[in-house]
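Chain letters run A, B, ... following the sequence lines, proteins first and then strands; every chain starts at 1. In what follows, every heavy atom counts, from backbone to side chain, and hydrogens, waters and symmetry copies are set aside.
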Amino acid sequence: MKITFPDKSVKEFDRGTTALQVAESISSRLRKEALVAEANGRMIDLSRPLNEDTELNIYTYKDAKGQEAFWHSSAHLMASAIMKLFPEAKLAIGPAIPDDFSAKFYYDIDLDHKLSESDLEAIEAEMQKIVKEDQVYQRKEMPRAEAIAYIKERDSNDRYKLEMAGEFEDETLTFYSHGDFIDMCRGPHIPSTGKIKAFKLLTVAGAYWRGDEKNKMLQRIYGVSFPSKKLLDEHLGRIEEAKKRDHRVVGKALDLFSIAENIGPGLVLWHPKGAIIRNLIETTWKDMHIRDGYDLVYTPHMARLKLWEISGHADFYTENMFKPNEVEGDLYQIKPMNCPFHIEIYRGDIRSFRDLPIKYAELGSDYRYERSGVLHGLMRVRGFTMDDAHIFCTPEQIHEQILEVCDLSIEMLKLYGFNDFHIYLSTRPEKYVGEPEQWDMAEDALRKALEERKFEYDVDEGGGAFYGPKIDIKIKDSIGRLWQCSTIQFDFNLPDRFDISYVDSDNKAKRPYMVHRAILGSLERFFGVLIEHYGGDFPIWLAPVQVRVLPVVDEVNEYADELVEFFKSAGVRVESDLRNEKIGYKIREAETGKIPYMLIVGKKELQEGIVSVRKHKQGDTGSFDPKEVLAEVLRKIKTKTVD
RNA sequence: GCCGAGGUAGCUCAGUUGGUAGAGCAGCUGAUUCGUAAUCAGCAGGUCGUCAGUUCGACUCUGAUCCUCGGCUCCA
């Protein structure tokens, strides 16, 4: 039979040769590292004999598909250790989760005993033994009826596996075993447990069976595994690094924001230093919107409940809204969104096709009820400010408008040092409002914009909201995590509900297209992402304090004051540290305070009228004329240099 | 909301089997005037998240409640 490799080369093998043997024929190293294979587009175990002409791809840990199998096999390894220690446990599901930042696999188990840290250690020790024994992962196929009987025979109460076995489309189910452990599983798996050289169980957490809160809550153990100790240590190091960058930790250390118990969960206080950054983000945002022809508007934080009944939010969004307030017999609702307000402004006049596009932009503060368990620092809050805008336009204008929004998003995100974007196009779901032709046109417009800009994007078929298709842009931060920020969404619902229109050139009233869009998402979340992206080391244009003057002895305090005045009068955020402390101490404080420029002045600098410049994280850079330093600082601020 | 873990000084944390609390940093006072990441000494600082209960006595045990953290679900 012929085996075709990814590089299109073809080799002849005997029937019944396994993928592993093929790997060995290529190189002994590949044999050692091979984990799984893909035969004619289907993932298989290396031990599977090949019986016909096959396009074969062999994966090692270097490949995403190899990793996935590796982590899934690790989940089985963990499950087998759990079953050894707690034979009464029932297994639910245990997949690999390659996209998760810290964990790489988990297993959901139903067990009355509450697992603790020490249990995790015991499980790890048991896993270690199984790894040492280098048990082989073996595949077994059974027709459905036989499989169900087999599961029942092993444990008549194994409701999770039985439920799944009854639902799979395939009539043939597969099981994988290693040692005396066996689990229903599609596979594929790596050859043996011995390949899993390094692993760590991270946490145990609750998770509902099938993610549905009506179901029983199971215990989920998260873990990571690697083919070497070195890779595990690197991974754990990255987790540590992420912890150091945690916006809640940095936000506290740098006094940027807080969430006070007396004020309420999910409600953010922006402290002076955080407010400086927010203000810069806001003015930059406003300037760019005015440039792009948006009209800035302001709208109130609440409205009659009636407004939300018209918009439909009172019906389909109640879950996320705070309860309305009664005022003089009328109910008022604090807003979870800004759209109906912008629509009301649009409705306030008869609009001609000549007026379009109309683009209302607002940094609109919204309040949404989020369940207490989901709140997370600045990333998920109950009160937030969306950098919102609504575009009302004619069908002919859509293309240009979408392009403009895409360009604005990318341009603005790049200002903050984000250069890696992951873009998703979500299309019509099963349940939707509006006409299919409208949807097609809108999806086309979104697709065309992405293609015209040569953006790579993934399509989430059926992933759109019921009211329209959308583009989401996620940004990758400096340590590789993805964050959802920009969203561009068509809306075929609200224009109908509010019956908005424009008069076209044929003097007929027509329905405008409406697009919601946010670029930063919410200022709170964006700030959180920004803090983690920079780890608190903000570029100079954003730094709350840009320059600090540090006198070595108090004889030069007056010179320090002069320098502060000199920089301040040029608009630089500058301060001095005149305390009676050693220079080493002042420097340490300025470094931990992440201040970009430290101007150190002593007797020498006073005499010569110069400053010694120390840059954050770079150290001493030498002595300069203050005018030169100011010019450099101003240039960096003006160009929003990110370094 | 649910499962699990927490809440002790401004911050980070320690507190053994119930006998009314400790450290480091920060703060204040004083000494020190110093050259690129922590000078020394002294002082002050706490209803041990909140409310009940058990007990002669509760930071410690029990219950309720608020908040935080890790997840589930959802999303800006």
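A:Lys114 has a side-chain polar atom (N or O) that falls below the 4.0 Å cut-off from OP1 or OP2 of B:G4. An OP1 or OP2 oxygen of B:C69 is reached within less than 4.0 angstrom by a side-chain nitrogen or oxygen of A:Arg248. Residue A:Lys603 has a polar side-chain atom (N or O) positioned under 4.0 Å from OP1 or OP2 of B:C34. Between B:G35 and A:Tyr585, no contact under 4.0 Å exists linking OP1 or OP2 to a side-chain N or O. In this structure, A:His376 reaches the B:G70 phosphate: one of its side-chain N or O atoms is under 4.0 Å from OP1 or OP2. Dashed line: the shortest gap from a side-chain N or O of A:Thr203 to OP1 or OP2 of B:G71 is not under 4.0 Å. The shortest distance between the side-chain N/O atoms of A:Arg579 and the OP1/OP2 oxygens of B:C28 is not below 4.0 Å.
Residue contacts for A:Gly602: at a heavy-atom cut-off of 4.0 Å it reaches a base atom on one of the strands shown. Within the 4.0 angstrom heavy-atom criterion, only backbone atoms of the sugar-phosphate kind lie near A:Arg220; the bases stay farther away. Looking at heavy-atom distances under 4.0 Å, A:Gly211 makes contact with sugar-phosphate atoms alone, never a base. Looking at heavy-atom distances under 4.0 Å, A:Lys604 makes contact with a base. Here A:Gly521 lies in heavy-atom contact (under 4.0 Å) with sugar-phosphate atoms only. Using a 4.0 Å heavy-atom cutoff across all strands shown, A:Gly364 reaches no nucleic acid atom at all. Heavy atoms of A:Glu581 sit under 4.0 angstrom from at least one base atom. Counting non-hydrogen atoms under 4.0 angstrom, A:Tyr106 reaches nothing in the nucleic acid. A:Ile583 comes within contact range of the sugar-phosphate backbone alone, with a heavy-atom separation under 4.0 Å but no base atom that close. Among the atoms of the strands shown, base atoms are found under 4.0 Å from some heavy atom of A:Glu605.
Distance check on atom C1': B:U20 versus B:U73 gives 45 Å, rounded to whole Å. When the P atom is used for both B:G30 and B:A44, the distance is 16 Å, rounded to whole Å. Comparing the same atom, P, in B:C75 and in B:A14 gives a spacing of 38 Å after rounding to whole Å. Between B:C3 and B:G45, the two P atoms lie 43 Å apart (nearest whole Å). Separation of the P atoms belonging to B:G57 and B:U17 is 22 Å when rounded to the nearest angstrom. Comparing B:G53 with B:U12, their C1' atoms sit 33 Å apart, to the nearest whole Å. Atom name C1', nucleotides B:C28 and B:C74: the rounded distance is 49 Å, in whole Å. Rounded to whole Å, the C1' atom of B:A64 lies 15 Å from the corresponding atom of B:U54.
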Worksheet item: Please walk me through it: do A:Arg382 and A:Tyr369 pass side-chain contact (heavy atoms from CB on, under 4.5 Å)?
Response: CA-CA 6 Å; A:Arg382 285 184 175 157; A:Tyr369 166 67; 3.8 Å; yes
Item to complete: Mind running salt bridge (charged side-chain N to carboxylate O under 4.0 Å, His left out) on A:Asp212 and A:Arg210 for me, showing each step along the way?
Response: CA-CA 5 Å; A:Asp212 187 337; A:Arg210 304 206 143 165; over 6 Å; no
Worksheet item: After noting the C-alpha distance and the side-chain angles of A:His301 and A:Asp366, does the key distance pass the side-chain hydrogen bond (donor to acceptor under 3.5 Å, both in side chains) rule?
Response: CA-CA 7 Å; A:His301 287 198; A:Asp366 297 332; over 6 Å; no
Discussion item. Please determine whether side-chain hydrogen bond (donor to acceptor under 3.5 Å, both in side chains) holds for the pair A:Gln489 and A:His516, giving the CA-CA distance in whole Å, both sets of side-chain angles, and the decisive distance to 0.1 Å.
Written reply: CA-CA 5 Å; A:Gln489 311 187 345; A:His516 310 256; 5.3 Å; no
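Base pairing of B:C69 is made with B:G4, judged by Watson-Crick or G-U wobble geometry with both donor-acceptor distances under 3.5 Å. Pair assignment for B:A58: none, as no Watson-Crick or G-U wobble contacts are both less than 3.5 Å. Judged by Watson-Crick or G-U wobble contacts below 3.5 Å, the nucleotide B:A9 has no partner. Across all strands shown, B:A64 forms a Watson-Crick or G-U wobble pair with B:U50, both key distances being under 3.5 Å. Across every strand in view, B:A14 sits unpaired, with no contact that passes the Watson-Crick or G-U test at under 3.5 angstrom. With both pairing distances under 3.5 Å, B:G42 is matched to B:C28 as a Watson-Crick or G-U wobble pair.
At a cut-off of 3.5 angstrom, counting only N and O atoms as typed in the model, there is no donor on one side facing an acceptor on the other between the side-chain of A:Arg368 and the base of B:C75. The base of B:A26 has none of its N or O atoms less than 3.5 Å from a complementary donor or acceptor on the side chain of A:Glu589.
Distances from the side chain of A:Val553 to the nucleotides B:C72, B:C34, B:G70 place B:C34 closest. For A:Ser612, taking side-chain heavy atoms from C-beta onward, the closest of the listed nucleotides B:U36, B:A37, B:G1 is B:U36. Which of B:C75, B:A37, B:G71 sits closest to the side chain of A:Thr592 comes down to B:A37. Distance from the side chain of A:Glu261 is smallest to B:C67 among B:U73, B:A76, B:C67. Among B:G71, B:U12, B:G35, the nucleotide with an atom closest to any side-chain atom of A:Lys252 is B:U12.
Stacking between A:Phe384 and the base of B:A76 is present: ring centres sit under 5.5 Å apart and the planes differ by under 30 degrees.
For the pair A:Arg428 and A:Tyr432, the cation sits on the ring face: its NZ or CZ lies under 6.0 Å from the ring centre, inside 45° of the axis. Both tests do not hold together for A:Lys431 against A:Phe466: distance to the six-membered ring centre under 6.0 Å, angle to the ring axis within 45°. A cation-pi contact links A:Lys335 to A:Phe341, judged by a cut-off of 6.0 Å to the six-membered ring centre and 45° from its axis. A cation-pi arrangement is absent between A:Lys216 and A:Trp209 under the rule of less than 6.0 angstrom and at most 45 degrees off the ring axis.
Counting to the nearest Å, the P atom of B:C72 and the CD1 atom of A:Ile93 are 12 Å from each other. Rounded to an integer number of Å, the gap from CG of A:Leu120 to P of B:G70 is 17 Å. For the pair A:Trp285 CH2 and B:A76 P, the computed distance is 16 Å after rounding to whole Å. Put simply, CG on A:Asp620 is 13 Å from C1' on B:A37, counting in whole angstrom units. Atoms CD1 (A:Ile259) and P (B:U68) sit 7 Å apart, rounded to a whole Å. Atoms CG (A:Asp577) and P (B:A26) sit 13 Å apart, rounded to a whole Å. If you take NZ of A:Lys582 and P of B:G35, they are 8 Å apart, rounded to a whole angstrom.
Both A:Asp554 and A:Gln219 lie near RNA chain B, and the one whose nearest nucleotide falls closer to the 5' end is A:Gln219. Mapped onto RNA chain B by nearest heavy atom, A:Asp246 and A:Glu591 fall at different nucleotides, with A:Glu591 at the one closer to the 5' end.
Pairing each heavy atom of A:Asn493 with each of A:Ser311, the nearest pair is ND2-O, 3.9 Å.
Among A:Ile410, A:Ile423, A:Ile473, the single residue meeting the side chain to side chain contact (heavy atoms under 4.5 Å, CB included) criterion with A:Ser486 is A:Ile473.
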